[in-house]
Structures are given as structure tokens and as C-alpha cells.
Amino acid sequence: MSIELRHLEDKDCALVAKMHNSNIPAGTMNTLGNDFTELIFRTLAVSRSGFCLLAEENGQIIGIIAGTVSMKGFYREFFRQYPFKAPWFLLTKLLNPVVLKKVYHLSRYPWAFPDLPTAEGISFVVVPEYRKTGLTFLLWQKKAEAFKALGINCVRICIHSSLTRNQWFFEKIGLKCQGEVHFTKTEGMKVYSWDLNSFNSGVI
């Protein structure tokens with residue numbers, strides 16, 4: 001397996017948005033649609049507060065890692081870059097009461113966990129055929145390195161409550177569950193903190 005890592009470019013964003021949403025169907029960005037997600041990645045491609053790296057093999061994108069030192073700062077960049085498109089795409093989705101309720105809880109969860117770090121993971125994708133090759137763990141290592149390069153030592157990570165396999169992996173590599181946010185009686189997300197200095201590099 002010959003894997004290369006490179007930075008996200010604007011030309012990648014439409015494909016990367018679709019990859020993110022198809023591989024994380026329960027995620028927030030999928031709820032808001034591919035058009036909105038594409039704008040998120042276009043902002044990441046030029047962001048001063050975030051990063052997005054792509055894993056490639058033979059020119060094919062097989063993995064995505066992304067994060068930001070501050071979601072508040074990143075959203076400022078996002079709406080500054082797309083002052084008309086972003087609110088329009090968002091508004092069309094928020095007309096759905098289910099989506100509105102989910103976005104409301106997501107926007108308020110940092111207040112429920114005031115001790116969490118401001119840095120946050122935005123995307124982590126490994127395409128299905130590479131998930132048992134060691135690429136997943138390699139990209140977690142690279143994600144830790146990318147955050148550390150920005151001066152970050154602790155990160156918050158959110159994941160849909162239904163993704164129990166992912167939660168098991170999180171805990172194996174040293175992430176700590178800080179609680180859960182409920183969107184409905186049957187749907188929610190778990191909130192983790194990730195101390196990069198105690199990252200369990202020997203799990204695999």
C-alpha cells in the first residue's frame with residue numbers, strides 16, 4: 001500500500017463533500033446536504049484556522065481528515081467567504097423541523113460542556129475497502145500531528161450515538177467520552193475529548 005497525503009484543493013471539494021456525506025450518513029453535514037458540505041470544504045481549503053488532508057493511492061482519494069482550532073472562528077471564516085450562499089443553503093434545510101431541531105441542539109452543545117477544548121475534528125473518512133488495512137490508524141496519527149502543528153494538544157470529537165464500532169475505536173486510542181447530546185428520544189451524539197499527549201499509539 002503506497003499512500004500519499006496532500007492538502008485539500010478547491011478542485012477536490014465537490015467530490016470530497018459527497019465522500020464525507022456518503023461515508024457518514026448520520027452526520028450533521030449530510031443532514032444539511034452536499035451543497036452546504038461542499039462550501040464547508042471550500043472554506044477548509046483556504047482556512048487559517050483549519051486544515052483538511054487527503055489520503056490518496058494511485059490518484060484515488062481514499063481518506064479525509066479535517067479539523068479546526070476553533071469552530072467559532074471557522075464559522076466566521078465560512079460565513080465571511082459565503083455571506084449569501086451559506087445562509088441560503090442553510091435556510092432551505094432548516095425549513096424541515098427535524099433538521100432545525102438537530103441543528104439547534106448542535107449549536108448549543110458547547111455550552112453544556114464548557115470545559116471542552118475549542119479545537120474540534122470536522123471530518124474523518126476512510127473508504128470501506130481500506131478500513132482493515134491500517135489506514136484508519138495511520139490517519140488518526142496524521143490528524144494528531146496536524147493539530148499539534150497548530151499548537152493544539154486537546155481536541156473535541158463528536159460522533160453519532162448509533163456508531164458504536166467507532167466509539168469502541170475512540171476509546172481504544174484514548175479518547176474520553178464526556179457525555180451525550182440528545183436530538184430526539186432515539187437520536188443523539190456522543191462528545192469526546194482527545195488528549196493528543198496521551199494518544200495510544202500502540203493500539204494496533
Side-chain angles (χ1 to χ4, degrees), residues 1 3 5 16 19-31 37 40 44 50-55 62-72 74 102-103 105-204:
M1 187 168 62
I3 305 298
L5 280 180
V16 167
M19 285 182 63
H20 173 96
N21 286 343
S22 64
N23 282 278
I24 313 177
T28 306
M29 286 197 278
N30 189 44
T31 302
T37 303
I40 291 285
L44 277 168
F51 66 88
C52 183
L53 298 173
L54 307 179
I62 58 175
I64 307 164
I65 53 176
T68 178
V69 300
S70 166
M71 283 306 299
K72 185 182 291 186
F74 176 75
K102 187 172 183 177
V103 171
H105 285 294
L106 282 167
S107 67
R108 293 186 59 81
Y109 92 85
W111 281 271
F113 302 93
D115 296 328
L116 283 178
T118 58
E120 184 164 348
I122 294 176
S123 180
F124 186 92
V125 169
V126 175
V127 297
E129 56 268 36
Y130 283 83
R131 289 176 187 169
K132 295 182 179 180
T133 63
L135 180 60
T136 298
F137 187 66
L138 172 65
L139 291 186
W140 272 101
Q141 289 179 308
K142 295 302 182 182
K143 192 167 188 174
E145 290 171 9
F147 273 117
K148 284 188 172 183
L150 294 171
I152 300 299
N153 291 308
C154 195
V155 180
R156 68 189 187 206
I157 304 283
C158 299
I159 185 170
H160 198 273
S161 299
S162 65
L163 301 175
T164 53
R165 176 69 180 173
N166 300 63
Q167 293 162 31
W168 173 86
F169 180 77
F170 280 10
E171 290 161 14
K172 288 287 286 184
I173 64 173
L175 277 70
K176 305 295 184 185
C177 184
Q178 302 298 323
E180 189 168 359
V181 176
H182 295 279
F183 308 139
T184 66
K185 290 182 179 179
T186 58
E187 186 183 16
M189 72 175 185
K190 288 192 175 181
V191 182
Y192 286 81
S193 61
W194 182 22
D195 182 353
L196 303 183
N197 293 318
S198 61
F199 180 37
N200 185 2
S201 59
V203 68
I204 292 177

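- Nearest heavy atoms, L44 versus G67: CD2-O, 4.0 Å.
- Every pair passing salt bridge (charged side-chain N to carboxylate O under 4.0 Å, His left out) that includes a residue from residues 113-122 is listed here, sequence neighbours excluded: E120-R156.
- Scored by the side chain to side chain contact (heavy atoms under 4.5 Å, CB included) test, T184 finds T186, E187 as partners (sequence neighbours excluded).
- Summarising the geometry, atom NZ belonging to K190 is positioned 5.0 Å from atom SG belonging to C177; distances are rounded to the nearest 0.5 Å.
- Rounded to the nearest 0.5 angstrom, I159 CD1 and R165 CZ are separated by 12.0 Å.
- Among residue pairs with one or both ends in residues 171-191, none qualify as ring-ring contact (aromatic ring centres under 6.0 Å, His included); sequence neighbours excluded.
- Side-chain contact between N153 and P117: absent, with no pair of heavy atoms (C-beta onward) separated by less than 4.5 Å.
- The salt bridge (charged side-chain N to carboxylate O under 4.0 Å, His left out) contacts involving residues 123-136 comprise nothing, where partners must be two or more places apart or lie in separate chains.
- Atom-to-atom distance recorded for E171:CD and K176:NZ is 8.5 Å, nearest 0.5 angstrom.
- For N30, there are no side chain to side chain donor-acceptor pair (under 3.5 Å) partners two or more places apart in sequence or in a different chain.
- If you take CD1 on I62 and OH on Y130, they are separated by 4.5 Å, rounding to the nearest 0.5 Å.
- Under the ring-ring contact (aromatic ring centres under 6.0 Å, His included) criterion, F170 pairs with W140, Y192, sequence neighbours left out.
- Remark: A119 pairs with F147, I152, V155 by the side chain to side chain contact (heavy atoms under 4.5 Å, CB included) rule, at least two apart or across chains.
- Between the side chain of S161 and the main chain of G188, a donor-acceptor pair closer than 3.5 Å is present.
- When atom types are taken as modelled, the side chain of K148 and the backbone of N197 share no donor-acceptor pair closer than 3.5 angstrom.
- Residues passing the side chain to side chain contact (heavy atoms under 4.5 Å, CB included) test with S22: none are found, sequence neighbours excluded.
- Taking T118 as the reference, nothing meets the side chain to side chain donor-acceptor pair (under 3.5 Å) condition, with sequence neighbours excluded.
- With sequence neighbours excluded, no residue forms a side chain to side chain donor-acceptor pair (under 3.5 Å) with S70.
- Contact between S162 and Q167 at its shortest, heavy atoms only, is N-NE2, 4.3 Å.
- For K142, the salt bridge (charged side-chain N to carboxylate O under 4.0 Å, His left out) criterion is met by E145, not counting sequence neighbours.
- How far OG of S123 is from CD1 of I65: 9.5 Å, rounded to the nearest 0.5 Å.
- Among all heavy-atom pairs drawn from K143 and G121, the shortest one is NZ-CA, 3.8 Å.
- Contact between I122 and H20 at its shortest, heavy atoms only, is O-CE1, 3.8 Å.
- To the nearest 0.5 Å, the span separating CD1 on I24 from CZ on F124 amounts to 9.5 Å.
- In this structure, E180 and F113 approach most closely via the heavy-atom pair N-CZ, 4.0 Å.
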- Message: Walk me through whether F169 and L175 qualify under side-chain contact (heavy atoms from CB on, under 4.5 Å).
- Response: CA-CA 9 Å; F169 180 77; L175 277 70; over 6 Å; no
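- With sequence neighbours excluded, no residue satisfies side chain to side chain donor-acceptor pair (under 3.5 Å) with T28.
- L139 and L5 make their closest contact through CD2-CD2, 3.9 Å (heavy atoms, listed as atom of the first residue, atom of the second, distance).
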